[in-house]
Structure formats: structure tokens, C-alpha cells
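These notes are about the structure you will find just below.
The analysis underlying the following values was restricted to heavy atoms, covering all of them including side chains, and did not include hydrogens, waters or symmetry mates. Order of the sequence lines fixes the chain letters, A, B, ..., with proteins taken first and strands second; residue numbering starts at 1 for each chain. Note that the coordinates shown come from a computational prediction; the quantities given were computed from them, not determined experimentally.
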2 protein chains.
Amino acid sequence: MPVAEVRTPQRAPGAIRRRDAEATRAAILDAARDQFGRLGYDCTALRDVAAAAGADVALIKRYFGGKEALFTEALKVSFRSDFLSDWDLRSFARDFATAMAGGPHEDAERTHSFQFLLRAATSPSTAPLLNAAIQERFLEPIRHWLGDADAPGRARALAAAAIGFLVERLIRGEALVGAERDAFIEHATAMFERLLGP
Amino acid sequence: MPVAEVRTPQRAPGAIRRRDAEATRAAILDAARDQFGRLGYDCTALRDVAAAAGADVALIKRYFGGKEALFTEALKVSFRSDFLSDWDLRSFARDFATAMAGGPHEDAERTHSFQFLLRAATSPSTAPLLNAAIQERFLEPIRHWLGDADAPGRARALAAAAIGFLVERLIRGEALVGAERDAFIEHATAMFERLLGP
DNA sequence: GCCTTAAGTCAACAGGCATTGACATGAGGC
DNA sequence: GCCTCATGTCAATGCCTGTTGACTTAAGGC
């Protein structure tokens, strides 16, 4: 499914260099993040990524090694490593629940990042890659966060629940309002508190 | 990504007919449901489906018309079986948590249709299906299930959590074992109970 | 037992994909 | 101004895909 999209190569502003490896690499990575996020791993063609970045396919091999390596790199960028450090453990439950309900002060960048991850998750070829990423950037921090003896299993449960809320938010599209929003936040908060509590 | 899987053609028991159009068609449809569910639309190769059904690729064209038509047919079948009616409200929390942990007694068939839908819906070509599927297959039944005044918001929270566990199971691939499994089940159970309780 | 026809088999086609190595070209050091 | 090497271009390769038409084979009525 092509959905090709012409995009001018993003060069460093001001300095107009017709040959700039760093800028080309960045443009490719940017286009890759975009297309992997919108189309998923399997439906993304390297030719289209290169075209969108205003570069040639062969440069992808040169700068990244191959499709899988490019995806891994894009995944690394999209997976905000500070995802968890943004939250305060004591108020995590309500903060997260409120964020997932949606509203005026929403973090669109985070949503986009997650869309990328969801697409990655549902593609069999990238599921192992994502699994590794979740291990490293999600489960490990949570385990460290919890610090219990049963942290591994508990971290997994917490991660699963969090993923679900992110997915649901993504699917839902619009923010919740009124009584449904209130009930959603209350129950989600209570649920996460139960998961985090003793 | 192939992951081919030999499967003896499922013929009608008793009557051994070497040539049975109906049985062949059913075997193909069955294999298609399996592979579309596990691999998604794009990663499923018709040759593999045919091989798994013990049939030839050309028969897919004859009996279904093409890949898309086969997918539509498989989707129709997977839609019919109801995901939630299988569960007992009183033991849902532990049953679901255990199922999501995975293991020897795992009822793969029960989560199958959801995986099918999730994969189908996150494939760019069939994306619009997702919202409708969630609405119809999760939110409505859960609302009816709960029956409370705050059912809508609560149902959404429950659906989100359940989706998360299904997705996490999907990403994880393998079943949990040992202490991690136990902790996972315990905390997940407690979490769902909190979400279902008063 | 033949004969028609449904059921199954086979090989080839056309298109798309990632990958790759050989080639061209521009930029900056000297 | 030249020379070198990083940077960019091009075309070909091999593999896999869905599709398709012509072929072979078995079943069941007569």
C-alpha cells in the first residue's frame, strides 16, 4: 500500500550543503518514523521511505544497514526513554488515568510515538523487536520503580494495563467528557492504585 | 515471514473421500483464520494457507476468488463467535489473568478471534474496522455485563485493561513461567477484581 | 465399464520487494 | 588546481507474492 508522499529533504537550515550525510541520514530516519508509524513495518517500502526523504534506497543500507536496523533505530527514537520518568510514583495512578481520558492539555507527541509502537506490536516481524524494547525501556524501569520481590510479574501486569489504556486512547480518538470521563478516571485510578499498592 | 505449518487436511470424519470440495473449502478457511490471526493479513501467504490445509493454491481462487475475499470470509466467521459470552463474571478476573499469562492449558481458541480482529484492524487496509469491533465486541457487552449507572466509563476502563493484556500477550509471544507467572496472575487478578467490584 | 464433470495439480507469469555492487560526482584538504 | 574520498546514483539480482490457465485425475451416474 504505497501512499507515497513527496517530501523535500530536510537539510540543516541556513547551511545549504548539497552533500550532507548527517542531514540525509536524519531525513531518512524521519521519513521512516513517519511511514512505519502510519503503515506498519510490512507495508512500508524502503523505496518510498527513501523517496520521501529525497534520498536513494542504497543510502539506507549505507547509513543503517537494512530495513530491520532502520526500524530498530526508528523504534529507539520513538520510544521515549523518559516515558516513565515523567511520572511521579505517588500520583501515577490518577495522573495516568486522567491523561488517558484525554483533554485539552494532551501530549500529542506521546500519542504519535505510541501509534508507532502499536503498529510495531501487531506486525509479527517486529513483535520480537518490540518485545526487547519493552523489556529494556518499560519493564526494567518499572521493576526498579517497584523494587519488590515479585516485581517482574507485577511490572508485566502494570505494563500490560498501561499499554491497554494507551491503545484504547488511540482507538477512541476523541477525549472523554462528562460522567463517562469521571467514572473512567475513578475506576482507572483505583485499578492502578491496586496494582501499585502493597 | 513464513512460519509454515503442516496440517493434515480436515476431512469429514468417517466418510473418507479423497475428493471433497466442501471439506477442502472448510480446511482452507480454517487454515486462513489461523494464519490471518497469527500473522496478520500482509504476512499471510496464500501458499502457506493452502499447504496448511493440505490443498493447492489454485483452489483458493476457485473457492473464494482471491486473498481479499478469503480474508473477508474468515473475518465473517471470526466475528460470529462471541468473545465475552464465554467468560463467567464471577471468575472473570482470575480466569482472564491466567489465560493471559499463557501456559499448557491455554485456551488459544478463545483469544484467537480477538487477535484476528486486532491484527486486521491495525493493518492499514482494514483500519476502520477497529473502532466498530471494539464497540461491538467489548464495550457493549461489558456495559450490559456491569449494568451500573457508571457503566460506560467503567466499561471503557475495563476494556482498556483487557485490551492491554491481550496486546501484551501478543507481543510477548511465549507463556510466563515460575514466580513471574504467579506474581503476574495475582496482581492482574486483584486489579481486575478491583475494576469489577463495587 | 464408460464417460462426463467436478476436484485437484502444475508451471508459468507479472509485479514488488530488499539487497547489493559498480559507477558517478561533488567537496574539501593540500 | 588537483586528488582523494565521502556522498549520492543507478541498474541488476534473487526472492517471494497473488494470480491464472491449462493440465491430470478420480468419482459417481448410467
When the distance from [atom1] of [X] to [atom2] of [N] is rounded to whole Å, what number comes out?
X: A:Ile60; N: D:dT7; atom1: CD1; atom2: P; answer: 17 Å
X: B:Tyr41; N: D:dT17; atom1: OH; atom2: P; answer: 14 Å
X: A:Asp42; N: D:dT17; atom1: CG; atom2: P; answer: 12 Å
X: A:Leu59; N: D:dC10; atom1: CG; atom2: P; answer: 11 Å
X: A:Tyr63; N: C:dA18; atom1: OH; atom2: C1'; answer: 19 Å
X: A:Glu22; N: D:dA6; atom1: CD; atom2: C1'; answer: 14 Å
X: B:Arg47; N: C:dC13; atom1: CZ; atom2: C1'; answer: 11 Å
X: B:Ile28; N: D:dG18; atom1: CD1; atom2: P; answer: 14 Å

Apply side chain to side chain contact (heavy atoms under 4.5 Å, CB included) to [X] and list each qualifying residue two or more places apart in sequence or on a separate chain.
X: B:Glu22; answer: B:Asp20
X: B:Arg94; answer: B:Thr98, B:Ile185, B:Glu186, B:Thr189
X: B:Ala161; answer: A:Phe165, A:Met191, B:Met191, B:Phe192, B:Leu195

**Report entry** N/O donor-acceptor pair under 3.5 Å between A:Thr44 side chain and A:Leu39 backbone
**Finding:** no
Query raised in the report: Quick one: salt bridge (charged side-chain N to carboxylate O under 4.0 Å, His left out) pairs with a partner in residues 56-69 of chain B, sequence neighbours left out?
Result: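 Counting only pairs at least two positions apart or across chains, no salt bridge (charged side-chain N to carboxylate O under 4.0 Å, His left out) contact touches residues 56-69 of chain B.
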Report summary line: Contacts satisfying salt bridge (charged side-chain N to carboxylate O under 4.0 Å, His left out) that involve residues 166-178 of chain B (not counting sequence neighbours) are A:Arg156-B:Glu168, B:Glu106-B:Arg169, B:Glu168-B:Arg172
Report task. Establish, with yes or no, whether the OP1 or OP2 oxygen of D:dG8 is under 4.0 angstrom from a side-chain nitrogen or oxygen of A:Thr24. Result ->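 Answer yes for this pair, as a side-chain N or O of A:Thr24 is under 4.0 Å from OP1 or OP2.
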What nitrogen or oxygen pairs link the protein and nucleotides 20-24 of chain C at under 3.5 Å?
unit_1	atom_1	unit_2	atom_2	d
C:dT20	OP2	A:Lys61	NZ	3.1

Query raised in the report: Hey, does A:Leu46 reach any base, or is it just sugar-phosphate, or nothing, if we go heavy atoms under 4.0 Å?
Result: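 Since only primed, P, OP1 and OP2 atoms lie under 4.0 Å of A:Leu46, the category is sugar-phosphate.
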